[in-house]
Colleague: 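The structure under discussion is supplied below as structure tokens; questions concerning it will follow.
Below, read A as the first sequence line, B as the second, and so on, with proteins coming before strands; counting in each chain starts at 1.
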Number of protein chains: 2
Amino acid sequence: MTDLNSLLSPFFLNDKEIRKVIELLFFSYRDFTSGPDKILAKLNFGRAHHRIIYFVGKKNNITIKDLLLVLQITKQSLSRVLNQLVNEKFIIVSTGIDKRTKKLSLTEKGKKLENQLSTIQIDKIKRVINKYSEENINGFKEILYDMIETDNKKTFQQIND
Amino acid sequence: MTDLNSLLSPFFLNDKEIRKVIELLFFSYRDFTSGPDKILAKLNFGRAHHRIIYFVGKKNNITIKDLLLVLQITKQSLSRVLNQLVNEKFIIVSTGIDKRTKKLSLTEKGKKLENQLSTIQIDKIKRVINKYSEENINGFKEILYDMIETDNKKTFQQIND
DNA sequence: CTATTTAGGTCAGTCATATTGACTTAATTA
DNA sequence: TAATTAAGTCAATATGACTGACCTAAATAG
């Protein structure tokens, strides 16, 4: 199988090389989230809090329903974490025109934390990406985008409309 | 800040564009792990089991200590999951030359599962990567590598020596 | 205008993954 | 012989997720 594969595939498409990509994704993603994790831990928050803060920051006045679509967790899971963020005044809730809906947005305190967390990740990406050509950077983004499932590609487009 | 940033940075290094990279990493990594997750769930296993199986498969006869260095979890965390895999005969344990150490390796049953899980991820990467140039693929791998922290870069090199 | 659907919330129980801290045993090395 | 190392274990705790059942209020469809 490996022999056949190496006869048929160019070097960079060998199973052995593809496995390196699996590992690169694992190691890089872990290190990508470790920075914010440390700050969150001091506030007794976790990665779930970060994700909520990130996407509420991204889409001001997002509804619970839409937030759940992005996060792909159950409302019971969201509930506990979101309530903590509301109680501690990082997020403020208001009622939508459709009175069944709620709109979430960051308070000043929330924006400050969002900025603190995002800055770590933004700076890291900038530092790395700086060394590469526009061609390489675009390739990087396109490959990541292609790895997203169809339905979630739509979600990605929606939050970036 | 945003205005200043867009004056100083080329388009692809704008904060707004960098934020897309954050989201691409989040969405792509989630979808990358969801395939194996479904198979693991049927066996009452989780992602932690997958990681152990993957790295034991990668480094035959790896010791507990080295496995902990790769996974970066506590031995108490490893213990529960690894014992399940040993009890259900996916992994076999033997004693090292240094009799304090243990060597872990996959059984035939373990190899079969490893292959099943990895194939999903390998095929996904191949399917995506096929459309890109060798230049783009190498750029993709290099950017991911650069996102790994120094110490973990060493770990990555070690498991690929 | 009633019936249905939708948005959101809540209670209860469970599971997986991880942590810290304290302690033990056996083997190796200084 | 003393110190270090590899591995294991007990206990308590936190976080993030799940399923299932049920409720309320508002909007919409027939």
Colleague: So what does A:Leu40 touch, heavy atoms closer than 4.0 Å: a base, only the sugar-phosphate, or nothing?
Modeller: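 The answer is nothing, as A:Leu40 stays clear of every strand by at least 4.0 Å.
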Colleague: Given D:dA26, C:dG9, C:dA27, which nucleotide is nearest the side-chain atoms of A:Lys75?
Modeller: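 In terms of side-chain proximity for A:Lys75, the closest of D:dA26, C:dG9, C:dA27 is C:dG9.
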Colleague: Would you please confirm or rule out a distance under 4.0 Å between OP1 or OP2 of D:dA26 and any side-chain N or O of A:Lys99?
Modeller: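 It does not, given that no N or O in the side chain of A:Lys99 lies less than 4.0 Å from OP1 or OP2 of D:dA26.
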Colleague: What's the closest nucleotide to the side chain of A:Asp98 if the choices are D:dC18, D:dA27, C:dT17?
Modeller: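 Of the options given, the side chain of A:Asp98 lies nearest D:dA27.
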Colleague: For A:Asn83 and C:dG9, give me the distance from atom CG to atom P, rounded to whole Å.
Modeller: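 It is 7 Å, rounded to the nearest whole Å.
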Colleague: Looking only at side-chain N and O atoms, does A:Arg47 come under 4.0 Å of OP1 or OP2 in D:dT15?
Modeller: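 Looking at the OP1 and OP2 atoms of D:dT15, neither is under 4.0 Å from any side-chain N or O of A:Arg47.
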Colleague: Hey, which of these two, A:Gly46 or A:Gln76, hits DNA chain D nearer its 5' end, going by closest nucleotide?
Modeller: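 First, find each residue's nearest nucleotide; the 5'-ward one identifies A:Gly46.
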Colleague: Using atom CD of A:Gln84 as one end and atom C1' of D:dA17 as the other, report the distance to the nearest whole Å.
Modeller: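 So the two atoms are 14 Å apart, to the nearest Å.
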Colleague: Out of A:Val21, A:Ile22, A:Leu144, which residue meets the side chain to side chain contact (heavy atoms under 4.5 Å, CB included) rule with B:Phe32?
Modeller: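 Filter result, single survivor: A:Ile22.
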Colleague: Which whole-number value in Å describes the distance from A:Asp37 CG to C:dA18 P?
Modeller: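 Rounding to the nearest Å, CG of A:Asp37 and P of C:dA18 are 13 Å apart.
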Colleague: Base, sugar-phosphate, or nothing for B:Leu67, non-hydrogen atoms under 4.0 angstrom?
Modeller: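 Counting heavy atoms under 4.0 Å across all strands, no contact is made by B:Leu67.
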Colleague: State whether A:Thr74 places a side-chain N or O below 4.0 Å from either non-bridging phosphate oxygen (OP1 or OP2) of D:dA17.
Modeller: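 Result: no.
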Colleague: So does B:Arg51 get a side-chain nitrogen or oxygen closer than 4.0 Å to the phosphate oxygens (OP1/OP2) of C:dA18?
Modeller: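 Answer is yes, contact under 4.0 Å.
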Colleague: Verify the ring-centre separation between B:Phe90 and B:Phe45: is it less than 6.0 angstrom?
Modeller: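 Between B:Phe45 and B:Phe90, the centre distance is under 6.0 Å.
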Colleague: So A:Ser77, base contact, sugar-phosphate only, or nothing? Heavy-atom distance under 4.0 Å.
Modeller: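 Touches a base.
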Colleague: Kindly point out which of C:dA18, D:dA17, C:dT28 is positioned nearest to the side chain of B:Arg100?
Modeller: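 Of C:dA18, D:dA17, C:dT28, C:dT28 is nearest to the side chain of B:Arg100.
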Colleague: Of all the choices, D:dA7, D:dG16, D:dA27, which nucleotide is nearest to the side chain of A:His49 once you look at every atom?
Modeller: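 Taking heavy atoms from C-beta onward, the closest nucleotide is D:dG16.
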Colleague: What's the verdict on side-chain hydrogen bond (donor to acceptor under 3.5 Å, both in side chains) for B:Asn160 and A:Glu23, showing C-alpha distance, side-chain angles and the deciding distance?
Modeller: CA-CA 10 Å; B:Asn160 283 296; A:Glu23 293 148 29; 2.9 Å; yes
Colleague: To the nearest Å, give me how far apart CD1 (B:Ile64) and C1' (C:dA27) are.
Modeller: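 Taking CD1 of B:Ile64 and C1' of C:dA27, I get 16 Å after rounding.
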Colleague: Just the rounded figure in Å: distance from C1' of C:dT17 to CD1 of B:Ile52.
Modeller: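 One finds 11 Å between C1' of C:dT17 and CD1 of B:Ile52, rounded.
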Colleague: How would you label the contact of B:Thr63 with the nucleic acid (heavy atoms, under 4.0 Å): base, sugar-phosphate, or nothing?
Modeller: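 B:Thr63: backbone/sugar contact only, no base atoms under 4.0 Å.
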Colleague: D:dT15 phosphate, OP1 or OP2: any side-chain N/O from A:Arg80 under 4.0 angstrom?
Modeller: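 Looking at the OP1 and OP2 atoms of D:dT15, neither is under 4.0 Å from any side-chain N or O of A:Arg80.
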Colleague: Rounded to the nearest 0.5 Å, what separates atom CG in A:Leu82 from atom CG in A:Leu67?
Modeller: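 Rounded to the nearest 0.5 Å, the CG-CG separation comes out at 7.0 Å.
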Colleague: May I have the distance from A:Lys102 (atom NZ) to C:dA7 (atom C1'), rounded to whole angstrom?
Modeller: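 Distance, rounded to whole Å: 10 Å.
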Colleague: Considering all heavy atoms of both residues, which atom of A:Ile53 and which atom of A:Gly110 are nearest to each other, and what is their separation?
Modeller: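 In terms of heavy atoms, the two residues are closest at CG2-O, 4.3 Å.
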Colleague: Quickly work out the B:Asn44 CG to C:dT14 P distance and round it to whole Å.
Modeller: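 Value for this atom pair: 16 Å.
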Colleague: Figure out the CG/C1' separation between B:Leu68 and D:dT5, and round it to whole Å.
Modeller: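 That distance rounds to 13 Å.
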Colleague: Under a single-linkage definition using a 4.5 Å side-chain heavy-atom cutoff for Ile, Leu, Val, Met, Phe, Trp and Tyr, are A:Ile92 and A:Ile52 assigned to the same hydrophobic cluster?
Modeller: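 Hydrophobic grouping puts A:Ile92 apart from A:Ile52.
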